[in-house]
Structure formats: C-alpha cells, structure tokens
Number of protein chains: 2
Amino acid sequence: MENITTPQASAKVLNVDLQLCFALYSASLSMTKTYKPLLAKLKLTYPQYLVLLVLWEKDGVTVNSIGERLFSDSGTLTPLLKRLEKLGLIQRQRAIEDERKVIITLTEQGKLLQSQAADIHPQIACSTGCTLTELKELNSQLILLRTSLINKLVTP
Amino acid sequence: MENITTPQASAKVLNVDLQLCFALYSASLSMTKTYKPLLAKLKLTYPQYLVLLVLWEKDGVTVNSIGERLFSDSGTLTPLLKRLEKLGLIQRQRAIEDERKVIITLTEQGKLLQSQAADIHPQIACSTGCTLTELKELNSQLILLRTSLINKLVTP
DNA sequence: CACAACTATATTGTACACAATTTAATTGTG
DNA sequence: CACAATTAAATTGTGTACAATATAGTTGTG
C-alpha cells in the first residue's frame with residue numbers, strides 16, 4: 001500500500017520523468033522538431049501547418065472557428081494568419097454581413113500546397129516507430145485526456 | 001486494403017483530428033493550462049516548474065545538464081533561470097574550475113518551495129480523469145514515442 | 001432609436017522555443 | 001607555448017501561447 005504522504009512517495013511524485021505532464025510536453029516538442037525540417041521546405045511553421053490543415057478541410061471560415069478547432073485564440077491566430085497572408089497562402093477579409101468577423105480563404109497557392117503537404121504525415125508516422133494501430137490508440141487516449149483536462153478547466 | 005495514394009485516404013490523413021501530432025500538441029497545451037492556476041500561487045510558469053523539479057532532485061548542476069534533462073538549450077534556459085534568480089529561488093554562479101560553466105544552486109527559499117509544490121501533482125492527476133495505471137501506461141508510451149522521434153532526428 | 005451589453009478581432013506585454021551567432025574559456029596539437 | 005578547434009553560455013531575432021485590454025461592430029431592451 002503506497003502512502004503518498006511519506007517523503008519517499010513525495011520525492012517519487014516530484015521526479016520529473018514520472019510526471020505525465022513532462023512526457024507530454026517533451027514528446028510534443030520532439031514532434032514539432034521532427035516536423036520542422038519537413039515543413040521548412042514549404043516555408044511553414046508547425047502551428048501554421050495546423051491552421052492550413054483546418055483550412056484544407058474547409059475554408060471561408062472565421063478566425064474564431066479556426067481557434068475553436070485548434071484550441072487557440074485571436075492573440076495567437078491574428079499574427080499567424082497575417083504571416084500566412086504575407087506568404088500568399090490565404091486571404092483575410094471582413095464579412096459583409098457582420099464586419100466584426102474576418103473570413104479566411106485559401107488562395108490558389110494555398111490550395112496547391114495541400115498536395116505537397118501530403119507527403120509529410122506518412123514520414124512522421126514512420127519516425128514515431130509506432131504501428132498505425134498504436135498511433136490510433138495513442139491518438140484517442142490523448143484526445144480523451146485533453147477532453148478531461150479542458151472540462152476540469154471550465155468547471156473546476 | 002488501404003491505399004494511401006487515393007484522394008480519400010489522403011484527405012483522411014490530412015484531417016487534423018486524425019493526426020497524432022495535433023492530439024499531442026493540444027493535449028500538451030491543455031495540460032499547461034491546467035497547471036497554470038496551481039502554479040500561479042507559487043508565482044511560477046510551467047517551464048520554470050520543470051526546472052525546479054530537476055533541481056529538487058539534485059542541484060548544484062550546470063545549465064547544460066538541466067537542458068539535457070528537459071530537452072532544451074541555453075537560449076531558452078538562460079532567461080528562464082535569470083527570472084528564477086530574480087524570484088530568489090536559485091543562485092547562478094560560474095564554476096571555479098571551469099569558468100565557462102554556470103552552476104545553478106537552490107536558495108533556501110527555492111528548497112522550501114518543494115513542499116508547497118507537492119500538492120500540485122495529485123491535483124493534476126485528478127484532472128486527467130485517468131487511473132494511476134493509465135497515467136503510467138500513457139507516460140511510458142509517450143517516452144517511447146519521444147525517444148523514437150529524437151533518434152530519427154539525430155540519425156535520419 | 002438611444003444605449004448598454006455583447007461579440008469578434010486586434011493589440012500589448014510577458015514568457016517560452018529554438019535557430020543562428022557571439023563571446024569567453026578550455027583543450028588538443030605541433 | 002602558440003593557436004586552432006572545441007565547449008559552455010549568452011545574445012539576437014522570429015514565431016508562438018496566452019492573459020489582459022482595446023476597438024469596433026452588432027443586438028437587445030425600453
């Protein structure tokens with residue numbers, strides 16, 4: 001029977017390698033580093049790539065809807081989207097029916113990038129050293145975890 | 001039999017929710033957000049907390065050794081450590097035997113913080129909605145993933 | 001229709017993350 | 001011992017992440 005209040009147990013719990021948070025954090029950063037050289041060929045950063053993934057699915061959407069999809073807000077997205085605009089990949093224009101909204105649309109160049117990006121995912125999947133089944137399993141576990149954490153945040 | 005080259009399969013693979021990278025990224029950000037209010041009470045950020053976890057295990061170490069442990073470099077650590085110094089939690093001093101090295105030592109205040117931080121991990125574990133077994137399992141899967149990714153980075 | 005409340009995005013400021021470069025100290029070689 | 005190569009940190013510059021605030025447009029209510 002473990003007693004969490006003993007100094008030994010407390011030290012264990014404070015060991016960085018035993019904390020899921022750190023595994024998550026370092027694995028996420030490693031993943032970003034793995035993407036970096038592949039995305040550099042397309043002159044994209046990893047968060048920019050995520051935004052494009054969302055837009056390739058469906059564009060002509062608001063900043064907010066991208067933010068909901070990616071769990072980020074305008075403070076992050078506005079400058080990021082301006083960089084994508086400067087790269088000529090998207091267009092930003094105020095909605096006519098509600099000028100508070102900014103509609104993000106892919107340019108032809110932005111649409112064309114999709115086919116070039118298609119190579120990336122399989123290469124990453126290979127770098128993980130996991131089988132497709134393992135990847136799917138880990139993916140759904142992480143989504144469950146994320147959902148729990150977010151729910152605890154909203155209603156603590 | 002799946003053929004990855006069909007437009008359908010390609011669209012699937014480009015769906016952001018199906019990509020492990022995004023699950024990892026968003027779960028990691030959610031985790032950081034969960035820690036934020038708890039760490040705010042100690043006036044710490046999440047990366048600062050990670051550095052302290054390493055130091056609580058063993059202090060009197062170089063910047064580099066902290067970096068190896070946390071997979072980060074001096075560009076990130078130098079300013080972070082200066083902030084911890086300003087908070088009075090650590091001391092930074094050049095090693096006598098090799099003045100290129102900077103030795104990081106916990107102050108008394110920095111050591112005292114450990115007991116206050118002990119509450120945090122159990123609270124996070126609770127927010128994940130996972131059992132201890134599930135947490136350990138996910139943790140080791142993520143460490144394996146990280147190792148694979150880093151190995152592929154070094155020797156591509 | 002005036003006007004408060006709300007909504008969508010933008011801006012500002014702090015703190016990473018990380019590549020690239022610089023600085024200073026140390027080590028290996030002739 | 002001189003000096004090139006190496007090493008450890010620090011610095012610089014770009015790109016997020018995110019809280020807090022500001023701005024501008026819209027909607028609901030009397």
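Protein chains get the first letters and strands the later ones, always in sequence-line order, with residue 1 at the start of each. Side chains included, hydrogens not; waters and symmetry mates left out as well; all remaining heavy atoms used.
- For D:dT26, neither phosphate oxygen OP1 nor OP2 lies less than 4.0 angstrom from any side-chain nitrogen or oxygen of A:Arg94.
- At a threshold of 4.5 Å between non-hydrogen side-chain atoms, the residues A:Asp119 and A:Gln123 count as touching.
- Remark: the backbone N or O of B:Thr147 is paired with a side-chain donor or acceptor of B:Asn151 at under 3.5 angstrom.
- Residue contacts for A:Leu80: at a heavy-atom cut-off of 4.0 Å it reaches the sugar-phosphate backbone alone, with no base atom in range.
- Rounded to a whole Å, the NZ atom of A:Lys36 is 6 Å from the P atom of C:dC18.
- D:dA9 atom P lies 14 Å from atom CD of B:Glu85, rounded to whole Å.
- Comparing A:Asp73 and A:Ala95 against DNA chain D, the residue whose closest nucleotide sits nearer the 5' end is A:Asp73.
- Contact of A:Ser74 with C:dA10 (side chain to base): a donor-acceptor pair of N or O atoms is detected under 3.5 Å.
- In terms of phosphate contacts, A:Ser72 brings no side-chain nitrogen or oxygen within less than 4.0 Å of OP1 or OP2 of D:dT16.
- Between B:Thr76 and B:Pro47, the closest side-chain pair of non-hydrogen atoms is not below 4.5 Å.
- Side-chain proximity of B:Lys33 to the nucleotides C:dA25, D:dC18, D:dT11 is greatest for D:dC18.
- The pair B:Lys82-B:Glu85 fails the salt-bridge criterion, with no side-chain N (NZ, NE, NH1 or NH2) lying under 4.0 Å from an Asp/Glu carboxylate O.
- With a 3.5 Å ceiling on both atom-pair distances, the Watson-Crick or G-U wobble partner of C:dG30 is D:dC1.
- Nucleic acid contact for B:Arg83: sugar-phosphate only, since backbone atoms but no base atoms lie under 4.0 Å from a heavy atom of the residue.
- Residue B:Ile96 contributes atom CD1, which lies 15 Å from atom C1' of C:dA25 at whole-angstrom precision.
- Remark: the A:Arg100 side chain and the C:dT7 base include a donor-acceptor N/O pair separated by less than 3.5 Å.
- For D:dT11, the OP1/OP2 oxygens have no side-chain nitrogen or oxygen of B:Thr78 closer than 4.0 Å.
- The side chain of A:Gln48 contributes an N or O atom lying less than 4.0 Å from OP1 or OP2 of D:dT16.
- For B:Leu70 and C:dC16, the CG to P distance is 12 Å, given to the nearest whole Å.
- Within 4.0 Å of B:Thr62, counting heavy atoms only, lie sugar-phosphate atoms of the nucleic acid but no base atom.
- Looking at A:Val102 and A:Leu81, their side chains never come closer than 4.5 Å, going by heavy atoms from C-beta outward.
- Nucleotide D:dC18 holds its C1' atom 14 Å from the CD1 atom of A:Ile150, rounded to whole Å.
- Across D:dT26, C:dT11, D:dA8, the shortest atom-to-atom separation from the side chain of A:Lys82 is found for C:dT11.
- Positionally, the nearest nucleotide of DNA chain C for A:Tyr25 lies more toward the 5' end than for the other of B:Glu99 and A:Tyr25.
- Across all strands shown, A:Thr76 has heavy atoms under 4.0 Å from base atoms, whether or not it also approaches the sugar-phosphate.
- For A:Lys101, whose side chain is taken as the heavy atoms from C-beta onward, the closest listed nucleotide among D:dT26, C:dA8, C:dC18 is C:dA8.
- Residues B:Asn64 and A:Phe71 both approach DNA chain D. Their nearest nucleotides, taken by heavy-atom distance, put B:Asn64 toward the 5′ side.
- Regarding B:Glu97, its CD atom lies at a distance of 15 Å from the C1' atom of C:dT27, rounded to whole Å.
- Between the CD atom of A:Gln93 and the C1' atom of C:dA10 there is a distance of 18 Å, rounded to whole Å.
- The nearest whole Å value for the distance from the CG atom in B:Asp98 to the C1' atom in C:dG28 is 15 Å.
- Proximity of A:Thr34 to B:Lys152: side-chain heavy atoms (C-beta onward) are nowhere separated by under 4.5 Å.
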